[in-house]
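The chain is numbered in sequence order, starting from 1. What you see is a predicted model; the values in this text were computed from it and never measured.
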Amino acid sequence: MRSENMPFVGGPLDGRVLPVLVGMTGQPPKTYEIPVPNDDGRPPTLHVYRRVPARVSRLGLPSGWKYEYVPEEQREVQGRRKWPWTK
């Protein structure tokens, strides 16, 4: 499997560059979840990052990717489907 170094923006991994496995098409996963274990026996804390374009060319095509932190309040809205006929 091939990996690429991806920058992380926001959250606990802000400013770090980590290797991320890419798929058969060369695209990294849309979301990257990092479980962090707790010392007091509770379930691990889950940090979620979403893939966004790092740079956009003049034609609107992305050239490279980065991961942005998704706060816990926005996680539920992200996974829901948005149908055009529901408001």
Quick one: list whatever passes side-chain contact (heavy atoms from CB on, under 4.5 Å) with [X], sequence neighbours left out.
{"X": "Thr25", "result": "Gln27"}
{"X": "Pro43", "result": "none"}
{"X": "Arg42", "result": "Asn38, Asp40"}

Do you know the tightest heavy-atom contact between [X] and [Y]?
{"X": "Pro28", "Y": "Tyr67", "result": "CB-OH, 3.4 Å"}
{"X": "Pro29", "Y": "Val20", "result": "CD-CG1, 3.9 Å"}
{"X": "Gly10", "Y": "Tyr49", "result": "O-OH, 3.0 Å"}

message = Grouping I, L, V, M, F, W and Y whenever their side-chain heavy atoms are under 4.5 Å apart, do Tyr69 and Met6 come out in a common cluster?
response = yes
Would you give me the side-chain donor-acceptor pairs under 3.5 Å for residues 54-61, sequence neighbours excluded?
residue : atom : partner : partner atom : Å
Arg55   : NE   : Ser63   : O            : 3.4
Arg55   : NH2  : Ser63   : O            : 2.8
Ser57   : OG   : Leu59   : N            : 3.4
Ser57   : OG   : Leu61   : N            : 3.3
Ser57   : OG   : Leu61   : O            : 3.3

inquiry  = Can you pull out every side-chain hydrogen bond (donor to acceptor under 3.5 Å, both in side chains) where at least one residue sits in residues 3-14? Sequence neighbours excluded, please.
reply    = Arg2-Glu4
query = About how many Å separate CG of Leu13 and CD1 of Ile34, when rounded to the nearest 0.5 Å?
reply = 4.0 Å
